[in-house]
Amino acid sequence: MNEERTRKWEPFSALAERVMTGIDQTQLTDNPGPACLLCRDTGMEITTDGARRCQCEIDRVLKERIAANLAVIPPKYSNAVLSTLQPRSDLHKDQPRIIASLKENPDRSYFFCGKPDAGKSHLFWSLYHHEASQGRVVFTAKLFKLIEAIKAQMFSDGPDPLPDIEVDQLSIYLEDVSKARPTEFVAERFFDFLDDAYNRQHRIVVTSQLAPEDLIKYFERAEGIDGRAIVRRMVNDETSVFRLF
Ligand SMILES: [Zn+2]
């Protein structure tokens, strides 16, 4: 019993705080007491003029968002961390210049196009990691998977696969945009989403095996699609385009 209790003891400062605030009763029972003394674990702190979200609740939500954000990084790219990212000139000669630029401007919109295995995904995921680990609101998808999900939702009334666009700041990470060719129906939905994101000045980071001019032609091979309009929402004055061909 004594041994059991010893293991449950908290660091001295936390224990001292409890004694000072006179709620050390909890030490006498098996109930460890509230972890947060400000809100007694309700998430709401009572103040002189009402109640507000407790800092512990704000911290908890942030921690959960960071964990959820990081969980979607494919294991293959778990080492794609911007601050420690080293150029792989063997994959593409421009990597040193590109990585220096990303480190200098980690919050810009980017369009990475180029041949397979030039390192586009590493650049992409390291930018994602940089933002995601700060707990910002980020959304990532491969375009063909997103299109599948949009299609499925149209016929089944399922949950919306697109993120809430009405937040103050959202970053959209789209991988492999040249591996999907939307139909007219889906393209319209996708275009509206991108258009909204663009108008709200949300950030967009994209990888593509095709350069923007070729991506337009590629999308337009499907009937009724305005490829230029779609690509313009991914590549505009705010976007840095890097070509790794
Ligand atoms: Zn609290």
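Whatever order the structure lists them in is the order used to number ligands and atoms, beginning at 1. Nothing here was measured: the structure is a model prediction, and the numbers come from that model.
- Between Phe191 and Phe193, the distance from one ring center to the other does not fall under 6.0 angstrom.
- Note: Phe242 and Phe111 fail the aromatic proximity criterion, with ring centroids not under 6.0 Å apart.
- Atom CD of Gln201 has 12 or fewer neighbouring heavy atoms from other residues, nucleotides or ligands inside a 6.0 Å radius.
- Under the rule for a side chain to side chain donor-acceptor pair (under 3.5 Å), Glu184 has no partner lying at least two apart in sequence or in another chain.
- At a threshold of 4.0 Å, the pair Lys217-Glu220 does not count as salt-bridged, since none of the basic side-chain nitrogens sits closer than that to a carboxylate oxygen.
- The distance cut-off of 2.8 Å around the Zn ion (ligand 1) captures these protein N, O or S atoms, sorted by chain and number: Cys36 SG, Cys39 SG, Cys54 SG, Cys56 SG.
- Side-chain contact check for Arg189 and Gln153: at least one donor-acceptor pair (N or O, by modelled atom type) lies under 3.5 Å.
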